[in-house]
Every structure is written in C-alpha cells, then in structure tokens.
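Report on the structure given below.
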Amino acid sequence: MAGQEVDIEVKLILEAIYERYHYDFRDYAGTSLRRRLKAAMQRFECQTLSQLQGRLLREPEVIRSVLGDLTVQVSEMFRDPEYFLALREQVVPVLRTYPSLRLWVAGCSGGEEAYSLAILMKEEGLLERTLIYATDINQEALAQAQAGVYRIDLVPGFSENYRRAGGTGSLSDHYTAAYDHVLLDKSLKDRIVFSDHSLSTDSVFAEVQLVSCRNVLIYFNRALQDRAFGLFSEALCRNGFLGLGARETIRFSSHAGDFIEIAARERIYQKRSPGTPGGDD
Ligand SMILES: C[S@@+](CC[C@H](N)C(=O)[O-])C[C@H]1O[C@@H](n2cnc3c(N)ncnc32)[C@H](O)[C@@H]1O
C-alpha cells in the first residue's frame, strides 16, 4: 500500500473510533500506531485498513481487540526499581510532612504500579493517610487491577524488583499465594480507587501530592504529551512531585518551566512554587 493512502486510512480509522466509541487516539505517536493497526488488519484478515474500519464499527469483538492493540499493556511491579528507590529516599520524606496524601497513577494498566506505590507507602507507615487514584482507559486492565491477582510465575521478577527498590521486608508480606496466582492484600486495595480517566479527553479531578505517569506518554505525540503535562501541573499541589518513565521527559514541553528536576536519571520532577527562580511569581 502506498504511504499516503495508509496515512489517510489511519486518520479515518482514528476518527471513526472517536466518533463511534469516544476513545481519542488521534494524537498518538504515528509509527507505533500504524504498526499496531496493520497487525490488527492482518489478524482479522482484512485487505485494507478501510475494511478493518468497517468491521470495528460493527463488531464488538473487533473493536475490543483493536483497543487492546492501541493501549499497550506491559507492566510489572516495581518496574525500574531505581525509580521506586528514589521515591522512597527523596520524595517520601517530603510526603511525610502532609497530614493526608493523594497520589495519582495515570495509565495504571493492570495495577502493578499502583500496588507498588501502596506497598512502599505501607512500609513507610503512610498508607493509612494515603489515597491512590489509579486511572486508565482500558476497561479490561482496570478490572484486572481491581482484582489485584497476578500470575505466580511473575512473582520472582516482582520480588527481585521489590528488593532492588529498597523493600524493607519481603514482597510475600503483601500477598497470599493460591495455586498459580497471588492475591494482593486487602489493606493495599482499600487505599486505591481504580477508575476510567483519559489523558486525551478528560480533565483534572483532584489535587494530589504526586503524579506517577510512567510509560504512557511515549505513545503520545508532542501535542498530547503537552496536554497531559498541563493536567499534571494543574493537579499537583505546590511543590508536588511528578514521576515519568525512563524514556520520557518534560524537557521539550511548554510546561517544562513549571517543574524542576530532582532525580534526573529516575525522571522525577517537583513542581516549582511561586517565587522560585524560573517559577511564576
Ligand atoms: C505500557 S502501560 C504502562 C503501565 C504502567 N504505568 C507502567 O509503567 O508499568 C500504558 C498504559 O497507558 C494506558 N493509556 C493509554 N492511553 C491512555 C490515555 N489516553 N489515558 C489514560 N491511560 C492511557 C494504557 O491503557 C496502558 O494501560
């Protein structure tokens, strides 16, 4: 297929998904999107993207599957352990000064990142005063996150991450094993609210002290990244923290001036308070 026709078909398919289902992928990064749509086209034995478009408008099974393709669901507990170690060492001492805490995990996938934060807060004696909002657009991922059940063969990797992230006990302190899966503790689940929220179309819903949005913005183009950074800046309280994924940065955003970098390698930023050099007075 010629490049130009494909570009037009991709554009039309994204418009169709938006019109029909209100999922807005129109500002996602092009290359990965095209690859994923083409893979779906082959899986459903369509000759063209226009054919795939016709099917996803009419067949629930096709749109469910394509939504799964477009919202990449890769995650693990304590992913990039050095990030969680930096949170523990550099962010938690500040969080400790607040009487109550609200944290936002944006793009939480199956819940691994939200539960990791909950475990960290529990070990730091802060979980009782913490509420974690964990949001995503993928309903199946949210249902899995709510269940808090993970395959047991994933646990050795999670445990190794937990140890490298500065875990003070054993990961097994926080789950019950049964047959081929583990169930995370109710005490963690009770402090997390999982809900549907889109960084593409929704607005801010709470004031929070920390936003952790990891490995989500890599799928967005510059304009949509900027929208998300605007939401984070608006949601964060004075001196609140923002954590990104290892391949993400706020540097090229129009909101870069709202933040200072506090852990460069771990991609952790702090919102400037009015009056700090470079902040708004
Ligand atoms: C690769 S996973 C990252 C999971 C986790 N944050 C981590 O780092 O392990 C990306 C997640 O972002 C979600 N996502 C994609 N577009 C989104 C949007 N517009 N708003 C909110 N979440 C979105 C996907 O559904 C998926 O669960």
Side-chain angles (χ1 to χ4, degrees), residues 14 17-18 21-30 32-33 35-37 40 63-84 86-87 103-120 132-148 150 154 157-158 161-162 164-165 184 192-206 208 210-232 234-235 241-249 266-268:
L14 299 179
I17 294 174
Y18 180 60
Y21 303 104
H22 309 296
Y23 285 102
D24 193 354
F25 296 105
R26 294 174 299 175
D27 275 327
Y28 279 45
S32 142
L33 201 80
R35 202 180 50 244
R36 288 168 204 288
L37 285 174
I63 182 64
R64 197 172 329 112
S65 169
V66 170
L67 287 178
D69 292 323
L70 297 183
T71 59
V72 180
Q73 301 298 319
V74 179
S75 193
E76 53 189 66
M77 288 188 77
F78 295 95
R79 181 179 191 176
D80 305 322
E82 55 287 359
Y83 170 77
F84 288 91
L87 285 185
L103 319 181
W104 177 15
V105 178
C108 66
S109 189
E112 295 86 341
E113 185 181 343
Y115 286 112
S116 305
L117 263 183
I119 290 171
L120 194 161
I132 300 176
Y133 300 105
T135 59
D136 206 285
I137 54 170
N138 185 304
Q139 302 307 316
E140 288 171 22
L142 284 169
Q144 194 215 309
Q146 183 67 55
Y150 299 95
L154 298 174
F158 292 175
N161 285 352
Y162 163 85
R164 290 176 46 212
L184 289 171
I192 310 176
V193 179
F194 290 103
S195 61
D196 186 355
H197 179 278
S198 171
L199 295 169
S200 321
T201 50
D202 292 327
S203 40
V204 166
F205 55 86
V208 299
L210 166 73
V211 173
S212 189
C213 181
R214 312 199 63 233
N215 309 299
V216 181
L217 303 182
I218 33 168
Y219 300 106
F220 293 0
N221 71 13
R222 195 64 69 74
L224 187 52
Q225 289 183 2
D226 230 44
R227 181 186 199 276
F229 285 129
L231 292 182
F232 302 154
E234 197 185 329
F241 296 92
L242 170 65
L244 303 178
R247 290 185 287 147
E248 295 160 336
T249 177
E266 294 81 10
R267 307 295 160 117
I268 300 175

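Indexing begins at 1, ligand by ligand and atom by atom, following the structure's order. Residue numbers run from 1 in the order of the sequence given.
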Under 3.5 Å side-chain donor-acceptor pair for Thr201 and Tyr23: no
Ring centre gap for Tyr133 and Phe205 strictly below 6.0 Å: yes
Amino acids contacting ligand 1, non-hydrogen cut-off under 4.0 Å: Tyr28, Thr71, Val72, Gln73, Val74, Ser75, Arg79, Gly107, Ser109, Glu113, Asp136, Ile137, Asn138, His197, Ser198, Leu199, Ser200, Arg214, Asn215, Val216, Phe220
Under 3.5 Å: donor-acceptor pair, side chain of Glu76, backbone of Glu112: no
Distance-only donor-acceptor check, side chains Thr135 and Trp104, under 3.5 Å: yes
Residue pair Asn138 / Thr71, side-chain donor-acceptor N/O under 3.5 Å: yes
Residue pairs, two or more places apart or on separate chains, that pass salt bridge (charged side-chain N to carboxylate O under 4.0 Å, His left out) and touch residues 211-231: Asp80-Arg214
